[in-house]
Amino acid sequence: MSSRDLLHGIYERLFKHFGPQGWWPAESPFEICIGAILTQNTNWQNVEKAIQNLKREGLLSPLALYHCPLEDLARLIRPCGYYNIKAKRVKNFVSFIVEGYQGALENLKKEEPSRLRERLLSIKGLGPETVDSILLYALEIPVFVVDAYTHRIMYRHGLVPEIISYQELQEFFHSNLERDLNLFQEYHALLVACGKTYCKKQNPQCPLCPLNNFDQEF
DNA sequence: ATCCTGGTAC
DNA sequence: GTACCCGGAT
């Protein structure tokens with residue numbers, strides 16, 4: 001059975017079990033970007049608190065954050081952890097937009113996608129997962145986002161090696177799925193849902209998982 | 001005590 | 001490869 005059929009089969013099962021996820025949960029593309037940075041190695045619930053603080057202060061725009069003192073920003077995003085380093089990362093990102101794109105996120109879309117990805121990766125504090133989340137959900141450019149959940153689910157089902165790079169894992173999806181925006185957005189969200197609910201790091205709930213016995217069908 | 005939609009610097 | 005950043009829920 002081909003990897004292509006396996007990946008589509010997994011998607012099918014996850015979708016039937018969890019339904020459409022409608023990611024990313026945010027009110028604007030810019031909020032998605034900030035959320036993507038703040039959620040690094042942190043649970044989403046705490047990110048929401050940080051985002052709420054920024055909203056309350058009217059800071060959820062590139063220009064507002066650009067002029068917000070670093071210390072104030074750090075204090076407001078404190079609930080999501082790593083607040084000092086994340087405040088700098090947010091600053092780096094908004095400087096990139098304000099100084100290179102007239103402060104308008106929309107202007108990023110004018111760049112050629114692979115060039116834009118490289119430019120975003122050059123921002124200190126933005127790694128491949130954060131950048132791809134911004135590209136996929138905020139800018140609606142079809143790149144597959146892979147994360148710890150994605151890797152865990154794939155290797156537990158024997159589809160990829162336990163040791164594999166981000167790039168290789170992403171390539172596995174790119175080469176076996178049609179490059180469809182909605183498919184990519186939903187697939188990643190469904191993998192997260194599965195990883196949080198069933199394919200947990202410790203005490204995975206295999207008997208209840210929609211992917212249980214999946215391997216045996218092929 | 002562990003985990004969470006990571007990334008950097010050394 | 002290892003240390004570090006570092007809060008909140010379970």
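Below, chain A is the first sequence line, B the second, and so on; all start at residue 1.
Think of the region where chain A sits on DNA chain C: with heavy atoms and a 4.0 Å cut, that region ends 5' and 3' at C:dC5 to C:dA9.
Of the residues in residues 54-62 of chain A, none has a non-hydrogen atom less than 4.0 angstrom from any atom of DNA chain C. Remark: nothing in residues 164-188 of chain A comes within less than 4.0 Å of DNA chain B through any heavy atom. Contacts between residues 41-51 of chain A and DNA chain C, defined by a heavy-atom separation below 4.0 Å, involve A:Thr42, A:Asn43, A:Gln45, A:Asn46, A:Lys49, listed by number. Listed in residue order, the members of residues 114-147 of chain A having a heavy atom less than 4.0 Å from DNA chain C come to none.
For residues 190-206 of chain A, every residue pair satisfying the side-chain hydrogen bond (donor to acceptor under 3.5 Å, both in side chains) rule, not counting sequence neighbours, is listed here: A:His17-A:Tyr198. Applying the salt bridge (Lys or Arg N to Asp or Glu O under 4.0 Å) test to pairs two or more places apart or on separate chains, none has a residue in residues 139-164 of chain A. For residues 21-30 of chain A, every residue pair satisfying the side-chain hydrogen bond (donor to acceptor under 3.5 Å, both in side chains) rule, not counting sequence neighbours, is listed here: A:Glu27-A:Lys55. The side-chain hydrogen bond (donor to acceptor under 3.5 Å, both in side chains) pairs that include a residue from residues 114-126 of chain A are A:Tyr101-A:Arg119, A:Glu111-A:Arg115, A:Glu112-A:Ser114, A:Arg117-A:Asp132, where partners are two or more places apart or lie in different chains. Applying the salt bridge (Lys or Arg N to Asp or Glu O under 4.0 Å) definition to pairs two or more places apart or across chains, none involves residues 163-173 of chain A.
You'll find the side chain of A:Leu211 reaches within 4.5 Å of the side chain of A:Cys194, heavy atoms only.
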Donor-acceptor pairs under 3.5 angstrom involving side-chain atoms of residues 68-82 of chain A: please list them, not counting sequence neighbours.
residue: A:Arg78; atom: NH1; partner: A:Tyr83; partner atom: OH; Å: 3.1
residue: A:Tyr82; atom: OH; partner: A:Asn41; partner atom: ND2; Å: 3.0

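Look at CZ on A:Arg89: it is 11 Å from C1' on B:dA9, rounded to the nearest Å.
Along DNA chain B, the nucleotide nearest A:Lys201 and the nucleotide nearest A:Gln40 are compared for position; the residue whose nucleotide lies closer to the 5' end is A:Lys201.
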Determine, stepwise, if the pair A:His188 / A:Phe184 fulfils ring pair (Phe, Tyr, Trp, His ring centres under 6.0 Å).
CA-CA 6 Å; A:His188 172 66; A:Phe184 283 12; over 10 Å; no
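Every residue meeting the ring-ring contact (aromatic ring centres under 6.0 Å, His included) condition with A:Tyr187, not counting sequence neighbours, appears here in chain and number order: A:Tyr11, A:Phe144, A:Phe173.
Comparing the same atom, P, in B:dT2 and in C:dA3 gives a spacing of 16 Å after rounding to whole Å. Across B:dG7 and C:dG8, the matching P atoms stand 22 Å from one another, rounded to whole Å.
Hydrophobic clustering, with ILVMFWY side chains joined whenever heavy atoms are under 4.5 angstrom apart, groups A:Leu7 together with A:Val146.
A donor-acceptor pair under 3.5 Å is absent between the side-chain atoms of A:Thr130 and the main chain of A:Leu126, judged by distance alone. With hydrogens and angles ignored, the 3.5 Å screen pairs a side-chain donor or acceptor of A:Glu186 with a backbone N or O of A:Gly22.
In summary, the side chains of A:Asn92 and A:Arg89 do not present any donor paired with an acceptor at a separation below 3.5 Å, with no hydrogens or angles considered.
A:Leu14 approaches A:Pro210 most closely through the heavy-atom pair CD2-CG, 4.0 Å.
If you take CD1 on A:Ile85 and CD1 on A:Ile37, they are separated by 11.5 Å, rounding to the nearest 0.5 Å.
Closest to the side chain of A:Arg152, from the set B:dT8, B:dC4, B:dT2, is B:dC4.
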